[in-house]
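Okay, structure first, notes after.
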Amino acid sequence: GGGMASQVIVVGGGLAGLSAAHTVIEHGGRVVLLDKMAFLGGNSTKATSGINGALTKAQMKKGIPDSPEIFEQDTVKSACGLNHSAPPEYTPPLAHVLTHDSGPAVDWLMERFGLDLSLVSQLGGHSQPRTHRGKERFPGFTITYALMEKLEAIEAETGGEVARIVSKANVNKLITDATGHVVGCQYEKDGQAHTEMGPVILATGGFAADFSPQGILARVRPDLVNFPTTNGEHCTGDGIKMAEAIGAKSVDLESVQVHPTGLVHPGEPEAKVKFLAAEALRGVGGILLNAHGQRFCDELGRRDYVSGEMYKNKGPFRLVLNGKASKEIEWHCKHYCGRGVMKRFGSGHELAREMGISPAVLQDTFRRYNQVAQRGSDEFGKKFFHNLPLEMNDHFHVAIVCPIVHYCMGGLKIDEESRVINSSGPIMNLYAAGELAGGVHGRNRLGGNSLLDCVVFGRVAGATAAKDLFAHLLSQARVGGGAAGKFNVEVDPSGQAVQISWGQGGMAAAAAPAARKPAAAKMPVPEATAAPVVAAA
């Protein structure tokens, strides 16, 4: 179409949208970010366990023998789900991008945004420790805020020229031209309809709070409508609905992850929205007990398996950390205690009294666990044991937990370049990243892969959108479309960037990221020799 604007539109201000926005800017583009809430961040700010990366600098410091190949195997194996021997056929190429771009993604966060991601733990289904977090606060919060603050700073410094952020902007429709290409979107703010023109990156999150009778959840998983959720009220599948309305395909919508450890507040056990007990609590050695004080599963099994074992057992279920484990994940324990969803017990006897079981039963559970840990395996197939022994005279941090609707594996069908797909191939100028994109995790996502998915595919979407816009502007210039008078190309060989402008619009795009940044996209770098080139349009 002829009317392509010189900006990229990002819909959704969580970690995927923010990663995409920064990547567009790194490629010399302009970006407008639209979010329907009053504040950016979405569910990304709540992510508690960390972000996976293979071959990161933090791993190398610790001598962890990980590799993208091992990580890829773990991800693809998890993607099979419980009752299948192979993942969906579109998953392996996406899982390859996710895992092989993971090290550069984590290093990008640490270097470009100065983040502390130095602590590394091993979550369920991972064969190496690779889930990164910092010493303070929840990793989703620190990472997302760092990118948000940087984008706000760019907006302020450039007076909105390079980046604009519009909150309380509820995007409800994609605008297409006669050929079916996406050319912009429509949104509502303060009761008024507005439009923005340009290619669109959708990063609106999942539908795990879409509980209305007409919602996606009721359509694909009616069995989950009465479950509690970890998701904010904004997660209603908006991007999926808008894209489906113009013919986009979605995949695996029925694959909704039920996380085994939602935190039950003793004061309001029936609350619909609950906090999540981070999987890292089990990673450092937390065990799960049923109502009778017995273990019933490998606590570090994959999420679908652990939730499945809970359905077969009797609750209330408790997550129990001894003194050593509590110390290793101290910030989380303090935070949960402060929220009233975790309790400290001075001894195993105190805990047994609270559970209404005999201390001898709890002591027996502890003794058997210490024994299997020394053997290095138990009857549930658990292989990783940390912070032992469990002893009755230790102190404990304990939470009551229940299965909870957490994450949507399914979503819009994308290719390895984050392009949204319809029945005949990619929809031009429409990209997707983060939870609303499907296929990346197959039928079951590994812990620590959602923040990673946001960063990796946010960067891929940003790079692809910038590349497509650049190619489009060049073709326009060649045929003299949309350019009034002179057409100016500035080449900066040292920074490997190209700046294009013409008319009064000051349109800008660029061909390649600066050399020192890890490249997320396979982008042709022009063989630049001459400085400013001026061509007649």
Task: side chain to side chain donor-acceptor pair (under 3.5 Å) between Tyr431 and Asp468, intermediate numbers included - done: CA-CA 11 Å; Tyr431 316 89; Asp468 289 354; 2.6 Å; yes
Open item on the list: For a side-chain contact (heavy atoms from CB on, under 4.5 Å) check, start with the C-alpha distance between Leu321 and Leu281, then their side-chain angles and the critical distance, and finish with the verdict.
Closed with: CA-CA 8 Å; Leu321 281 78; Leu281 294 166; 3.8 Å; yes
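Side chain of Thr158 to main chain of Val162: a donor-acceptor pair is present (N/O by atom type, distance under 3.5 Å, no hydrogens or angles). Formation of a donor-acceptor pair under 3.5 Å by the Arg295 side chain with backbone atoms of Cys297 is found in this model. A donor-acceptor pair is defined here as one N or O able to donate and one able to accept, closer than 3.5 Å; no such pair exists between the side chain of Thr23 and the backbone of Ala463. Panel note: side chain Lys36, backbone His234; a donor-acceptor pair is recorded below 3.5 Å. The backbone N or O of Gly439 lies less than 3.5 Å from a partner atom in the side chain of Thr91, making a donor-acceptor pair. Remark: the backbone N or O of Ala79 is not paired with any side-chain donor or acceptor of Asn444 at under 3.5 angstrom. Remark: side-chain polar atoms of Asp35 are paired, donor with acceptor, to backbone N or O of Gly13 under 3.5 angstrom. Judged purely by atom type and a 3.5 angstrom limit, Glu299 has no side-chain atom pairing as donor or acceptor with the backbone of Ile287. Not a single donor-acceptor pair under 3.5 Å links the side chain of His27 to the backbone N or O of Gly29. With Tyr336 contributing its side chain and Leu276 its backbone, the two residues share a donor-acceptor pair below 3.5 Å.
Sorted by first and then second residue, the ring-ring contact (aromatic ring centres under 6.0 Å, His included) pairs involving residues 35-83 (not counting sequence neighbours) form an empty list.
Donor-acceptor pairing under 3.5 Å is recorded for the side chains of Tyr369 and Lys382. Residues Asn52 and His132 bring no donor and acceptor atom of their side chains to less than 3.5 Å of each other. For the residue pair Lys135/Ser118, the side-chain donor-acceptor check at 3.5 Å is satisfied. Residues Thr204 and Asp238 bring no donor and acceptor atom of their side chains to less than 3.5 Å of each other. Judged purely by distance below 3.5 Å, without hydrogens or angles, the side chains of Tyr407 and Asn231 never pair a donor atom with an acceptor atom. Remark: the His406 side chain and the Gln257 side chain contain no N/O donor-acceptor pair separated by less than 3.5 Å.
Within 6.0 Å of NZ on Lys46 lie more than 12 heavy atoms contributed by other residues, nucleotides or ligands. More than 12 non-hydrogen atoms from other residues, nucleotides or ligands lie less than 6.0 angstrom from CZ of Phe138. For Glu152, the CD atom counts as densely surrounded, since its 6.0 Å shell holds more than 12 non-hydrogen atoms of other residues, nucleotides or ligands. Dense packing is recorded around NZ of Lys62, with more than 12 heavy atoms of other residues, nucleotides or ligands lying under 6.0 Å away.
When all heavy atoms of Ala203 and Gly17 are compared, the pair lying nearest together is CB-N, 3.5 Å. Nearest heavy-atom pair, Ala54 versus Ser102, reported as atom, atom and distance to 0.1 Å: N-OG, 3.0 Å. The two atoms that bring Ala163 and Ile154 nearest to each other are CB-CG2, 4.0 Å, heavy atoms only.
Electrostatic pairing of Glu244 and Lys241 does not count as a salt bridge here, judged by no charged N lying under 4.0 Å from a carboxylate O. Note on Asp378 versus Lys383: no salt bridge recorded, every NZ/NE/NH1/NH2 to OD/OE distance being 4.0 Å or above. Between Glu279 and Arg303, at least one side-chain N (NZ, or NE/NH1/NH2) sits under 4.0 Å from a carboxylate O, which counts as a salt bridge. Ion pairing between Lys57 and Glu111 holds under the 4.0 Å rule for side-chain N and carboxylate O. The residues Glu328 and Lys324 are annotated as not salt-bridged, no charged nitrogen and carboxylate oxygen being separated by less than 4.0 angstrom. Arg443 and Asp252 are not joined by a salt bridge, as no carboxylate oxygen comes within less than 4.0 angstrom of a charged side-chain nitrogen. Taking 4.0 Å as the cut-off between side-chain N and carboxylate O, Arg164 and Glu196 count as a salt-bridged pair. In this structure, Asp107 does not pair ionically with Arg112, as no charged nitrogen and carboxylate oxygen lie closer than 4.0 Å.
Side-chain atoms of Tyr145 and Phe113, non-hydrogen and from C-beta on, never get closer than 4.5 Å to each other. Two residues are said to be in side-chain contact when any heavy atoms from C-beta on lie closer than 4.5 Å; Thr261 and Leu288 meet this criterion. Considering only heavy atoms from C-beta on, Trp108 comes within 4.5 Å of Glu26 through its side chain.
Ring planes of Tyr311 and Phe227: perpendicular class, angle over 60° (limits at 30 and 60°). Note on ring orientation: taking the six-membered ring where Trp is involved, the planes of Trp331 and His335 are parallel (angle under 30°, cut-offs 30° and 60°). Using bins of under 30°, 30° to 60° and over 60° for the plane-to-plane angle, the ring pair Phe317/Phe296 lands in the tilted bin.
Legend: residues meeting side chain to side chain donor-acceptor pair (under 3.5 Å) with Asp66, ordered by chain and number and at least two apart, are Gln59, Arg130.
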